[in-house]
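Structure record follows, encoded as structure tokens.
Along the sequence shown, the residues carry numbers beginning at 1.
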Amino acid sequence: MPSSHSNHSHPSRHSHFPQPPPPTLPEMQMQVPMNPAPYNPAPYNPPSQNEITIAPETEQSSGSAMIECLATLGSMFLFFISFPVAIFFCFKSVQEYQRAVIFRLGRIRPGGARGPGIFFVLPCIDDYRCIDLRTVTYDVPPQEILTKDSVTAAVDAIVFFKVWKPVLAITNVENYRQATQLLSSTTLRNILGTLTLSQILSDREHISQTMQRLMDEATDPWGIKVERVELKDVRLPIQLQRAMASEAEATRDARAKVLAAEGEMEASKALKQASDVMMSSPAALQLRYLQTLTTIAAEKNSTVIFPLPIEFLKSFGK
């Protein structure tokens, strides 16, 4: 009886809420926690240029390497079959101040520039260009500039530069001389446009050093070294030259008048001291008179002046 009652009560209590089967071990491992940790993705670091590999380019480079190898073999074969004649065309020489940049099938040969002396090129596949390493002097034409104080002036300069990396001078710029010359003109205008006329006339050395530093930084990727920059001449308009000359002349005249006035004041002080000395000694005036007569007689003058005291003339006036 108790067993039947227990069996009857159990279904009635759990009939409406069926219990799911207990989870297995894989399912317990796959359960997600209620409060997961916040997601912090790692920063993206793009691969470097050396790590990026593209299949088509790899296949193309291997194919071009094979073509280059075949072309080299063919050029060497052509050299051997025409050896007596080809030797005059395959051996080149450059001077002490020159370097040769060799291109083989459009690529620069390893080892950099060749020279000075003799170097070897293969026929049909090698091409070379000679670079002069001597210092080049460029006369910058007069640049019409407007200074900071609104004065128009024409300034020219001289730039000394040379090639110190021949490979960069060939590969990084089309015409390194023309590029350097245009850069010198632009740099000169940019620097002088931020200065006043007085600064341009007085700080030439500082302007030259600043221009050299800016040009050297700009031409460094081209393999060019700017050695020296010198301002040659500063030309002003005729009206401005006349105005500056008039101002300088007026300043000189004023200074001359001031100096003359100062000289008169010093002379008057000296005369006053001399008169005081003569007043203390009456014979000194007579000696001074005789000295004056001696000076006049030494010049062979026909006229002799006898000074009379003013008190003597006053007696005749009465």
Check the pair L188, L231 against side chain to side chain contact (heavy atoms under 4.5 Å, CB included), reporting the backbone distance first and the verdict last. CA-CA 9 Å; L188 180 62; L231 294 184; 3.7 Å; yes
Under the side chain to side chain contact (heavy atoms under 4.5 Å, CB included) criterion, do M215 and V159 qualify, and how do the steps go? CA-CA 10 Å; M215 289 189 61; V159 180; 4.0 Å; yes
Carefully, step by step, assess W222 and D220 under the rule side chain to side chain contact (heavy atoms under 4.5 Å, CB included). CA-CA 5 Å; W222 304 342; D220 186 69; over 6 Å; no
CA sep, side-chain torsions, deciding dist, call: I145, T152, side chain to side chain contact (heavy atoms under 4.5 Å, CB included): CA-CA 6 Å; I145 62 170; T152 304; over 6 Å; no
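A side chain to side chain contact (heavy atoms under 4.5 Å, CB included) with L192 is found for exactly one of T187, V234, V155, namely V155.
Qualifying side chain to side chain donor-acceptor pair (under 3.5 Å) partners for T147, counting only residues two or more places apart in sequence or in other chains: D149. Every residue two or more places apart in sequence or in another chain that forms a salt bridge (Lys or Arg N to Asp or Glu O under 4.0 Å) with R235 is listed here: D233.
Remark: K92 NZ is packed, more than 12 non-hydrogen atoms of other residues, nucleotides or ligands lying under 6.0 Å away. Heavy atoms from other residues, nucleotides or ligands lying under 6.0 Å from CZ of R109 number more than 12. Annotation: R213, atom CZ; neighbour count of heavy atoms from other residues, nucleotides and ligands within 6.0 Å is above 12. Remark: I118 CD1 is loosely packed, at most 12 non-hydrogen atoms of other residues, nucleotides or ligands lying under 6.0 Å away.
In terms of modelled atom types and a separation under 3.5 Å, the side chain of Q98 and the main chain of Q95 share a donor-acceptor contact. Distance alone, capped at 3.5 Å, is enough to place a donor-acceptor pair between the N172 side chain and the P221 backbone. In this structure, T186 contributes its side chain and L183 its backbone to no donor-acceptor pair below 3.5 Å. Using modelled atom types, no side-chain atom of Q178 and backbone atom of Y176 make a donor-acceptor pair closer than 3.5 Å. A donor-acceptor contact shorter than 3.5 Å is absent between the side chain of R204 and the backbone of S202.
To the nearest 0.5 Å, atom CD of residue E266 and atom CG of residue L271 are 11.5 Å apart.
Side chains of L195 and I207 form a contact here, defined as non-hydrogen atoms less than 4.5 Å apart.
Listed by first and then second residue, the side chain to side chain donor-acceptor pair (under 3.5 Å) pairs that reach into residues 115-138 are R104-D126, D132-R134, T135-E227, sequence neighbours excluded.
Nearest heavy atom pair, residue E247 against residue T251, reads O-OG1, 2.8 Å. Closest of all the heavy-atom pairs between D139 and A157 is OD1-O, 3.2 Å.
Under the 4.0 Å criterion applied to side-chain N and carboxylate O atoms, K257 and D253 are not assigned as salt-bridge partners.
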